[in-house]
Amino acid sequence: MKLQGTMQINDKGHLEIGGCDTVELAENFGTPLYVLDEQYFRQNCRRYYRAFTEKYDGVVLYAAKTLLTLAVCRMVDEEGLSLDVVSGGELYTAKKARFPMERVYFHGNNKSAAELKLALDYKVGRVMVDNPHELQMLDRLAGEAGVQAKIMLRLTPGVEAHTHEYIKTGQIDSKFGMVIENGQAMEIIKRALALEHIRLTGLHCHIGSQIFELQSYAHAAEVMLGFAAEVRRETGWQPEEMNFGGGMGIYYTAADEPQSVSKFADTLAQAVKNLAPQYGLAAPKVLVEPGRSVSGPAGTTLYTVGAVKSIPGIRTYVAVDGGMGDNPRPALYQSRYEALLANRAAQQPQEMVSIAGKCCESGDMLIWDIDLPAPAPGDILAVSSTGAYNYSMSMNYNRLPRPAMVLVKDGAADIIVARETYDDLIRNDVVPERFNEGRVAKIAGAGR
Ligand SMILES: *Cc1c(COP(=O)(O)O)cnc(C)c1O
């Protein structure tokens, strides 16, 4: 496993993150445990902030869907980033964390009227409108509230980034945004410009996720600015800001070669800067929405090894006390991860094994075929790069309580998400009153 952020191996041969011995973290907080490296998370925020605001007129939005808690909101705010939220729940979390609402951008392909009302009520910075139905609804709600909603329109530029099929979103056949090529994008822009309670500030696209090919962004810039020039010719309107979404790839395994954030900024923002005058446009502000590349590498999950089952000549299954409940990505996308034994981090790998979760699903496998120093019950397994789309996608399948999350820095560990209890699992369960009355009827019927 590649050591990232503040990871190191201490003199006991244990993995350390943020100056904390992960074996002690497992003892003190239990497993499975999400560990978030504060310094690394903040450094990732800062890299984006510097790359896009020092040389360019840029704005960086952290994509909350990858990892959002109250403490995470506070860090994002302190690092000067804005926030991209996609639901009433994320919006509410930001509000409760006292995140400045003018720096909140509200995404989603099917926002409800209640969510849009909440966004207007909170006075979010922008609503990222996805489709004509939403545009109409927002215009009406803004009118009722006596305000003008500032919006950006989500478009589908038809740029295909080289990434896994399920996380491609820029191609034409997509549930997100309005297609440029077939005229629907132009149509919705004209509609937006005609609405009284809507002010259109710019255009948005998001070409996919876990992208390593920076030229995809330059290509998206070309398509989007070319289209903006067409819009200007037809309507006289031009975008003050252009949002190119997120998508920068991160290191999960040795197969991944992440690009630097400054190279990303130099490719995208420079392309926009160069292209705008060529297309007769005033250079727009460049917005980006990194999620995975901010939170992903900063997270590690700790598990305790339980049963180790060898099927001679086939494989060895090493079962851990979590799995698809806390990390659904391998089951959803066949995602790959690296791991090491945190309590024997300095030992050489001896054996190829596969890491199984504890859910009742054959597909609940965290890692196939990984070389480790012969795992035994009680060992602590650390899986790296789990900061993004793990806690945020976690679930209670099999009624497994969701893990706690600790924020580590300079040898201190603070709980930022408490571990769920069994009582949390039944908190919303309701037994109909008639079930209690029904007891009599059931006994009465039993003799028949
Ligand atoms: C998911 C998403 C992001 C973040 O993508 P990452 O790959 O995590 O950087 C940004 N913008 C939009 C619209 C998204 O859907």
Side-chain angles (χ1 to χ4, degrees), residues 41 44-45 47-49 51-52 58-68 72 76 81-87 90-91 94 103-111 124-131 134 151-157 159-171 174-178 202-214 216-217 220 224 241-252 256 258-261 264-265 267-268 286-299 328-329 332-333 335 385-393:
F41 182 91
N44 293 338
C45 292
R47 280 192 183 128
Y48 268 103
Y49 188 81
F52 280 91
V59 181
V60 180
L61 286 56
Y62 168 67
K65 72 174 184 220
T66 64
L67 173 66
L68 191 72
V72 167
V76 171
L81 303 196
S82 298
L83 197 65
D84 145 9
V85 301
V86 298
S87 71
E90 288 184 358
L91 194 52
R103 283 178 17 227
V104 172
Y105 294 65
F106 189 24
H107 267 285
N109 70 308
N110 190 25
K111 304 174 190 79
V124 300
R126 301 281 184 283
V127 178
M128 317 299 282
V129 172
D130 182 275
N131 55 68
E134 179 188 346
I151 71 156
M152 296 181 79
L153 285 169
R154 179 159 184 174
L155 309 182
T156 316
V159 173
E160 294 202 21
H162 298 284
T163 179
H164 192 288
E165 187 76 34
Y166 294 173
I167 40 185
K168 258 191 240 165
T169 46
Q171 79 277 32
S174 166
K175 76 168 190 174
F176 295 108
M178 302 302 289
L203 305 174
H204 171 278
C205 68
H206 172 73
I207 57 172
S209 206
Q210 190 60 0
I211 295 169
F212 296 110
E213 189 49 72
L214 290 181
S216 312
Y217 291 100
M224 293 291 281
E241 48 193 14
M242 297 279 257
N243 186 330
F244 293 93
M248 280 278 280
I250 66 164
Y251 182 94
Y252 286 106
D256 303 321
Q259 303 283 345
S260 78
V261 170
F264 173 39
T267 305
L268 173 63
V286 173
L287 278 60
V288 286
E289 301 169 328
R292 187 195 309 273
S293 50
V294 173
S295 59
R329 296 189 67 254
L332 260 179
Y333 311 117
S335 311
S385 294
T386 60
Y389 303 106
N390 273 233
Y391 172 65
S392 63
M393 283 187 163

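Being a predicted model, the structure only gives us computed values, none of them experimental. Order of appearance sets the numbers: ligands from 1, and atoms from 1 within every ligand.
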Side chains of Ser295 and Tyr389: do they bring a donor and an acceptor to under 3.5 Å?
no
For the pair Asn131 (side chain) and Asn109 (backbone), establish whether a donor and an acceptor sit closer than 3.5 Å, ignoring hydrogens and angles.
yes
Between ligand 1 and Pro290, can you find any atom pair, the residue atom being a heavy atom, that is separated by under 4.0 Å?
yes
Does Tyr389 have a heavy atom less than 4.0 Å from any atom of ligand 1?
yes
Looking at [X], which atoms of ligand 1 are within less than 4.0 Å of one of its heavy atoms?
X: Thr66; value: 8 (O)
X: Ser209; value: 6 (P), 7 (O)
X: His107; value: 13 (C)
X: Ala63; value: 3 (C), 4 (C)
X: Gly291; value: 6 (P), 8 (O), 9 (O)
X: His204; value: 13 (C)

For Ser293 and ligand 1, does the shortest N/O to N/O distance drop below 3.5 Å?
no
Under 3.5 Å, N or O to N or O, is Gly247 touching ligand 1 that way?
yes
Around atom OH of Tyr391, are there more than 12 heavy atoms of other residues, nucleotides or ligands at under 6.0 Å?
no
Please say whether more than 12 non-hydrogen atoms of neighbouring residues, nucleotides or ligands are located less than 6.0 Å from OH in Tyr49.
no
Would you say the ring centroid of [X] lies under 6.0 angstrom from that of [Y]?
X: Tyr217; Y: Phe264; result: yes
X: Tyr105; Y: Tyr62; result: no
X: His107; Y: His206; result: no

How close do Arg292 and Ala388 get, counting heavy atoms only, and between which atoms?
CA-CB, 3.7 Å
Closest contact, heavy atoms only, Val76 versus Ser82
CG1-O, 3.9 Å
Side chain, backbone, both or neither: which applies to Asp84 and ligand 1 if a contact is any heavy-atom pair less than 4.0 Å apart?
side chain
Looking at atom 14 (C) of ligand 1, what's its closest protein heavy atom, distance included?
Lys65 NZ, 2.8 Å
What protein heavy atom sits nearest atom 11 (N) of ligand 1, and how far away is it?
Glu289 OE1, 2.6 Å
Considering Met128, Arg292, His206 one by one, which has a heavy atom nearer to atom 5 (O) of ligand 1 than any of the others?
His206
